[in-house]
Amino acid sequence: MIPISDVIQFFDLNYLIKKGIPKVDYHMHTQFSDGIGSIQEYLQSAENKGLTSFAITDHVWKTSYWLDDYFNEIDMVRESSSTKIFSGVEAKQININGEIDLDSKYTSKLDLVLGAVHALPTDIDYLFLDPKKLSPIEILEVETESIIGLIRNKQVKIIAHPFIMYKKYVDAPVPNEAIEKVVNCAVKNNVAIELNGKYSLPDIDFLKLALQRGAKLSFGSDAHKPSDIGKIPYFYVEQILEDLN
C-alpha cells in the first residue's frame, strides 16, 4: 500500500468560512472489524452521497492479523473510483502516556490514525480504571491527560470522539479549562479534532472554542454500516459559522 496522505486535508475556521463544510467522512468501520459491509459497499454509499473523499478506519489491535489483506482491498477499491479513499485505523489508547494499540510497523502504510480513548488508562499498559469508582472530576482529569497523551503521539492525526468517557459517565458539559488544554495541545501538535456523528461529540461550545483557537476539524460519521456514511451533525458547524459572522 502507498499512502496518499499528501492530499489529505483537515479544516480550520478560515477554510470553513471561505469554502464551506466539506463533503468528507474520515471515520467508519467495515466488516474487517466491528462493522457490516465491504469496502466496496462503503465506496458505493460514499459515491451515492456525493462525498469527495472518505477514509476507512477499522478498529485495530497490535494482534490484528488481517492488516495486509485490509490494505490490499483498499488498494483494489481505489482503482475503481475517482473518489479519494484514504487508508486509516482507529487505535485505542493503551496507557495514559498516549501509546496506542497499533504495531508501529504499519504506520508508514496508513494515511491517518485516529487515536481514541475507549477506557480510562493508567501508566501500565492495558490496565484501566473503573469509571464507576471515580468522581466526575477524576474522570475528567484522567481523560484530559489521556487525550493530551494521544495528541503528542506522532502516529495520531485525529482525536476521535473527544471526551466520550466524560459524556458517558458524567453527561455534563466539559469544563472550559479542560477544553482549553486539549485544544491548545492539538493546535501546537497539528492534530485534528473530530466532529463525530455517532456520539455527537464534541458539543457546539467545544467546537466553537476550538475553531477560534485555530484548531483543525475532521468530520467522521463513525459509521458501522454503509448507509450511515455521512451522518455527521454539520449543523453544529453551520451554527458556529452563523454566530461568528
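This structure is a prediction, so every number in the text was calculated from the model and none was measured. Residue numbers count from 1 along this sequence.
Taking hydrophobic clusters as Ile, Leu, Val, Met, Phe, Trp and Tyr residues chained together by side-chain heavy-atom distances below 4.5 Å, I124 does not share a cluster with I94. There is a path of hydrophobic side-chain contacts, each under 4.5 Å, that joins I17 to F10. V174 and V142 fall within a single hydrophobic cluster, where Ile, Leu, Val, Met, Phe, Trp and Tyr are joined by side-chain heavy atoms under 4.5 Å apart, directly or via other members. Taken together through direct or relayed side-chain contacts under 4.5 Å among Ile, Leu, Val, Met, Phe, Trp and Tyr, W66 and V89 form part of one hydrophobic cluster. Taking hydrophobic clusters as Ile, Leu, Val, Met, Phe, Trp and Tyr residues chained together by side-chain heavy-atom distances below 4.5 Å, I232 shares a cluster with I8.
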Would K157 and D111 count as a side chain to side chain contact (heavy atoms under 4.5 Å, CB included) if you check the C-alpha gap in whole Å, the side-chain angles of each, and the deciding distance to 0.1 Å? CA-CA 9 Å; K157 291 191 176 182; D111 294 306; 5.8 Å; no
Would L241 and L13 satisfy side chain to side chain contact (heavy atoms under 4.5 Å, CB included), going step by step from the backbone distance to the final call? CA-CA 8 Å; L241 296 178; L13 182 58; 3.8 Å; yes
Side chain to side chain contact (heavy atoms under 4.5 Å, CB included) evaluation trace for V182 with F163: CA-CA 10 Å; V182 166; F163 289 103; 3.8 Å; yes
Side chain to side chain donor-acceptor pair (under 3.5 Å), that's the test. Do E99 and N97 meet it? Break it down for me. CA-CA 6 Å; E99 293 182 57; N97 301 314; 5.0 Å; no
Before you tell me yes or no, could you show the steps for V24 and F11 under side chain to side chain contact (heavy atoms under 4.5 Å, CB included), namely the whole-Å CA-CA distance, both residues' side-chain angles and the distance that decides it to 0.1 Å? CA-CA 11 Å; V24 303; F11 311 97; 3.8 Å; yes
Please walk me through it: do D243 and Q239 pass side chain to side chain donor-acceptor pair (under 3.5 Å)? CA-CA 6 Å; D243 292 345; Q239 182 63 56; 2.8 Å; yes
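S45 places no side-chain N or O within donor-acceptor distance of the main-chain N or O of Y42, the cut-off being under 3.5 Å. Using modelled atom types, no side-chain atom of E41 and backbone atom of P226 make a donor-acceptor pair closer than 3.5 Å. A donor-acceptor pair is defined here as one N or O able to donate and one able to accept, closer than 3.5 Å; no such pair exists between the side chain of E90 and the backbone of A160. The backbone N or O of G214 lies less than 3.5 Å from no partner atom in the side chain of D12, so there is not a single donor-acceptor pair. Between the E194 side chain and the S218 main chain, no donor and acceptor come within less than 3.5 Å of each other. The closest donor-acceptor contact from the side chain of D228 to the backbone of H224 lies at 3.5 Å or more, if one exists at all.
The distance from the CG atom of L207 to the CD1 atom of I240 is 4.5 Å, given to the nearest 0.5 Å. Note: I96 CD1 to I147 CD1 = 11.0 Å, rounded to the nearest 0.5 Å. The CD1 atom of I164 lies 6.5 Å from the CG atom of L201; values are rounded to the nearest 0.5 Å. Distance OG/S82 to CD/E47: 6.5 Å, rounded to 0.5 Å. Rounded to the nearest 0.5 Å, atoms CG (N184) and CG (L209) are 8.0 Å apart. Once rounded to the nearest 0.5 Å, the distance linking CD of E238 with CG of L16 reads 11.0 Å.
At most 12 heavy atoms of other shown residues, nucleotides or ligands fall within 6.0 angstrom of atom NZ in K216. In this structure, K62 places its NZ atom where more than 12 heavy-atom neighbours from other residues, nucleotides or ligands lie under 6.0 Å away.
A side chain to side chain contact (heavy atoms under 4.5 Å, CB included) with H27 holds for exactly one of I56, L195, D222; it is D222.
Closest heavy-atom contact between P202 and I193: CG-CG2, 4.4 Å. Contact between S33 and H59 at its shortest, heavy atoms only, is OG-N, 3.3 Å. Residue K49 comes nearest to I229 through the heavy atom pair NZ-O, 2.8 Å, listed as atom of the first residue, atom of the second, then distance. Between D25 and G220, the shortest heavy-atom contact is OD1-CA, 3.4 Å. Between A91 and L102, the shortest heavy-atom contact is CB-CB, 4.2 Å. When all heavy atoms of M165 and H118 are compared, the pair lying nearest together is SD-O, 3.7 Å.
Below 30°, between 30° and 60°, or above 60°: for F86 and Y26 the angle between ring planes is above 60°, a perpendicular geometry. Ring-plane geometry between Y70 and F32 is classed as perpendicular, the angle between the planes exceeding 60 degrees on a 0 to 90 degree scale with a lower cut at 30.
Counting heavy atoms from C-beta on, the side chains of D101 and V60 never come closer than 4.5 Å. No side-chain heavy atom of T107 sits less than 4.5 Å from a side-chain heavy atom of K154. Proximity of V113 to I100: side-chain heavy atoms (C-beta onward) are separated by under 4.5 Å at one or more points. L43 has its side chain within reach of S80: a pair of non-hydrogen atoms, C-beta onward, lies under 4.5 Å apart. Here the side chains of S135 and L140 are not in contact, with every heavy-atom distance at 4.5 Å or above. Between N95 and L127, every side-chain heavy-atom pair lies at or beyond the 4.5 Å cut-off. Side-chain contact check for S221 versus F54: every heavy-atom pair is 4.5 Å or farther apart. Contact check for L244 versus K208: side-chain heavy atoms found under the 4.5 Å cut-off.
A salt bridge links R78 to D75: at least one charged side-chain nitrogen sits closer than 4.0 Å to a carboxylate oxygen. With respect to K109 and D68, a salt bridge is recorded, a charged nitrogen being found less than 4.0 Å from a carboxylate O.
Applying the ring pair (Phe, Tyr, Trp, His ring centres under 6.0 Å) criterion to Y234, with sequence neighbours excluded, gives F219.
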